[in-house]
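None of the values given here were measured: they were computed from a predicted structure.
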Amino acid sequence: MEEKTKRAKLAKEKAEREKLERQKKKQQLIDMNKEGDETGVMDSLLEALQSGAAFRDRRKRTPRGQDTLTSACLKFRYVS
């Protein structure tokens, strides 16, 4: 039982830290917008493009094989 409460406490602390970090980043963006200095935004965008970070989250689709397309067409024909 102690282990379960300990894990729950650690998870709660981690979630709180992550929440504070997100709020801090959001506040920094708001402060940047107030100043009207967009060079930081452009620098961040260029850095993300150069490092490839802008493209990391995209999931690659696996191409469908010819067999899959053929069987799908045949199934559709028999159902109709």
Residues at least two apart in sequence or cross-chain that pass side chain to side chain contact (heavy atoms under 4.5 Å, CB included) with Lys25, listed by chain then number, are none

Checking Lys24, Glu18, Lys26 against Arg22 for side-chain contact (heavy atoms from CB on, under 4.5 Å), the one that qualifies is Glu18

Exercise answer: donor-acceptor pairs, residues 2-11 side-chain atoms, under 3.5 Å, sequence neighbours excluded:
| residue | atom | partner | partner atom | Å |
| --- | --- | --- | --- | --- |
| Thr5 | OG1 | Met1 | O | 3.4 |
| Thr5 | OG1 | Glu2 | O | 2.8 |

Separation between CD (Glu21) and CD (Gln23), nearest 0.5 Å, reads 11.0 Å

Lys12 meets the side chain to side chain contact (heavy atoms under 4.5 Å, CB included) criterion, sequence neighbours left out, with none

